[in-house]
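Numbers restart at 1 for each chain; the letters A, B, ... are given by sequence-line order, proteins then strands. In this text, all values refer to a predicted model and were calculated from it rather than measured experimentally.
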2 protein chains.
Amino acid sequence: MEMQSDAEIRRGPAVLEGVIANLPMFRAAPRQSLAELARHARSQHVHRGTAVCRRGDPMAGFYAVAYGMVKLALRTDAGEEKVLRLVGPGETFGEAVMFLEKPCPVDAIALADSLLVVLPAEPVFALLERDPRFARSLIASLSQRMHGLVADVEASSLRGGLQRVAAYLDAHAESGENGVARVRLPTTKTVIASHLGVTKETFSRLLRELAQLGLISVARREITLLERSGLADIARNGPKAR
Amino acid sequence: MEMQSDAEIRRGPAVLEGVIANLPMFRAAPRQSLAELARHARSQHVHRGTAVCRRGDPMAGFYAVAYGMVKLALRTDAGEEKVLRLVGPGETFGEAVMFLEKPCPVDAIALADSLLVVLPAEPVFALLERDPRFARSLIASLSQRMHGLVADVEASSLRGGLQRVAAYLDAHAESGENGVARVRLPTTKTVIASHLGVTKETFSRLLRELAQLGLISVARREITLLERSGLADIARNGPKAR
DNA sequence: GATCGAAATTGAGGTGGATCAACTTCTTTC
DNA sequence: GAAAGAAGTTGATCCACCTCAATTTCGATC
């Protein structure tokens, strides 16, 4: 523990700078600014299942994920939760809240042991003051995020469950070894289900429905897309428009 | 027609500058920058029911509403629509899309005869380059917008219809003449319903339910909040937790 | 103030997805 | 590698909200 902490302190700054430099919003920033940010940043290790911050917490900066995965979720008093976003390596969260200087509106929970980089607000504001290109990147980043949110609203208010699942699989396809399209779910089906706006039970049934249509085959978290075009068709036109 | 156009050209710039100066994001901008922006801006009159822009259109700038009202909505091929936001006087839309340099993701339809101010991207980018305070305001504005979207997602995925209606009324209450809280719906119930994520039929029934509970009384678009606390209670805790 | 189209209400009936419950299969831990 | 717990599946049932259809009311126009 003592030794690990020691090692982190020694190699910390360089690692931090590396993580920061690879964030999309800092791509255009000069090296000196990055070093400056890294000097004020700190790393934070969180274990699987623990909260990075909870709704209502003050937010004195924003977070970047170095490795691991964090879910941003809303929860009701009754314990139901809606996953807003899954944040993976190289992605950030909390920027918008930092600027509003309001308490955190969501829960952020680590889904895996994760290393986060915390960027305090002040140095970011300072950089903003001095580097218009950074401002531009940050604005682009926020705009992108907003576009994603609008897409989610569109999906969950205008499309049915099957359509959303099909669209999700289509959007997350990677081509596997022999050119076969596959999706590896980044976390549990329960969490994915909540992200897609259905219960785990319904998600399970929808996957089975797609499998019975011969469009996919499911093995644990590995999903093979057997008929990409049919899947894309459902994603676009829904189940009925056969 | 010719005369009106003439008049607009003459007094246009001053009016435009006035409208722009009163937008939250330009509050901190120096007068000279405002004049500069106003010089590149143009006004656009749209009649009730006509489209300002449609999904897929290129967006070479963003819009401010001087008077009137615009709805931003997503629509399905089948004609159903989901209203994302109602934009009234002194509010803006299209900033995020402008920065993404992507086609417009929503339809923008005038709900009343409206005067819009169109701010082309280039001068905004230029101002951004030169005035960090403006960048800060713009970022704050986008963050605010995002916060609103998240709140909408929360409402429509975690709360039931009655709860959403109650929350809407509670949030939009103004105190009328004799200190009685009232809400004047800004547009048709059909549009409000879509904004709240229910059909007009359901909205009608939910209002009636609240009325039968003695919490409100409805007269056309004028709604009187008879028991503010009971309404707020439903908004927070739902109908069951009596 | 009569007329016509849009908006709103009301009723009857259907349904997508939630809920509840039992069980199976993974995963983690000691 | 056994035990305990988390995640996933499956079936039965339920319900909030939607859909369809018939009026009624409102609001603009002549």
Side-chain angles (χ1 to χ4, degrees), chain A residues 47-50 71 76 78-83 109-113 155-166 184-212 216-223 234 238-240, chain B residues 47-50 71 76 78-83 109-113 155-166 184-212 216-223 234 238-240:
Chain A
H47 287 283
R48 185 156 86 101
T50 66
K71 79 170 172 199
T76 195
E80 330 158 62
E81 82 167 14
K82 158 83 195 183
V83 173
I109 312 282
L111 292 176
D113 290 357
S156 65
S157 62
L158 256 28
R159 326 273 187 207
L162 191 68
Q163 214 170 338
R164 296 204 292 274
V165 172
R184 130 174 276 109
L185 299 181
T187 179
T188 67
K189 287 178 183 167
T190 303
V191 171
I192 304 286
S194 167
H195 188 203
L196 291 174
V198 294
T199 58
K200 59 186 185 322
E201 292 95 333
T202 297
F203 186 51
S204 176
R205 288 187 256 261
L206 291 174
L207 282 179
R208 197 150 65 91
E209 192 172 340
L210 289 174
Q212 280 168 348
I216 66 174
S217 92
V218 183
R220 319 232 320 78
R221 287 178 191 174
E222 295 289 340
I223 298 172
I234 287 186
K240 38 190 70 169
Chain B
H47 287 282
R48 184 156 86 101
T50 67
K71 79 170 171 197
T76 196
E80 330 159 62
E81 80 167 16
K82 159 80 194 185
V83 173
I109 313 282
L111 291 177
D113 292 356
S156 64
S157 63
L158 254 30
R159 324 271 186 209
L162 192 68
Q163 215 170 339
R164 296 204 293 275
V165 172
R184 127 173 279 108
L185 300 181
T187 178
T188 67
K189 286 178 183 167
T190 304
V191 171
I192 303 286
S194 168
H195 188 202
L196 291 174
V198 294
T199 58
K200 60 186 183 322
E201 292 94 334
T202 299
F203 185 51
S204 175
R205 287 187 255 263
L206 291 174
L207 282 179
R208 199 150 65 92
E209 192 172 339
L210 289 174
Q212 280 168 348
I216 65 173
S217 92
V218 183
R220 321 234 315 76
R221 288 181 190 169
E222 295 289 341
I223 298 172
I234 287 187
K240 37 190 70 169

B:R184 atom CZ, neighbour heavy-atom count above 12 within 6.0 Å: no
Any side-chain heavy-atom pair from B:E81 and A:L158 closer than 4.5 angstrom? no
In Å and rounded to the nearest 0.5 Å, what is the OG1 to CZ distance from A:T202 to A:R164? 9.5 Å
Which atom pairs link the protein and nucleotides 22-26 of chain C when you take only N or O atoms and keep those under 3.5 Å?
| from | atom 1 | to | atom 2 | distance (Å) |
| --- | --- | --- | --- | --- |
| C:dC26 | O3' | A:R220 | NH2 | 3.4 |

Kindly indicate whether the side chain of B:T187, heavy atoms from C-beta on, has any atom under 4.5 Å from the side chain of B:K71. no
Rounded to whole Å, how long is the line connecting atom CD of B:Q163 with atom P of D:dC15? 18 Å
Sub-4.5 Å side-chain heavy-atom contact between B:V218 and B:K189: yes
C:dT9 P sits how many Å from B:L210 CG, rounded? 13 Å
Rounded to the nearest angstrom, tell me the gap between atom NZ in B:K82 and atom C1' in D:dC18. 15 Å
Check the phosphate of D:dG11 against A:R208, side-chain N and O only, distance under 4.0 Å to OP1 or OP2. Yes or no? yes
Is the shortest side-chain heavy-atom distance between B:L207 and B:I223 below 4.5 Å? yes
B:K189 atom NZ is separated from D:dC26 atom P, nearest whole Å, by 10 Å
Mind listing the residues from residues 191-203 of chain A sitting with a heavy atom below 4.0 Å of DNA chain C? Number order is fine. A:G197, A:V198, A:T199, A:E201, A:T202
Rounded to the Å, how far apart are B:L185 CG and C:dT9 C1'? 15 Å
Give a yes or no on whether a donor-acceptor pair under 3.5 Å exists between the nucleobase atoms of D:dG11, that is its base, and the side chain of A:R205. yes
Spacing between A:E209 atom CD and D:dT9 atom C1', to the nearest angstrom: 15 Å
Pick the closest DNA chain C nucleotide for A:R48 and for B:L207 by heavy atoms, then say which residue is nearer the 5' end. B:L207
State whether the side chain of B:S194 and the backbone N or O of B:V83 hold a donor-acceptor pair below 3.5 Å, judged by distance alone. yes
To the nearest Å, how far apart are B:R159 CZ and D:dA16 P? 17 Å
Checking side-chain contact (heavy atoms from CB on, under 4.5 Å) against B:V191, which of B:L111, B:L196, B:I109 comes through? B:L111
Checking contacts here: which listed nucleotide (D:dG8, D:dT10, C:dT28) is nearest the side-chain heavy atoms of A:T190? D:dG8
Distance, rounded to the nearest Å, where B:L206 contributes CG and D:dC18 contributes C1': 12 Å
Please report the shortest heavy-atom distance between A:A193 and A:T199, naming the atom on each side. CB-O, 3.7 Å
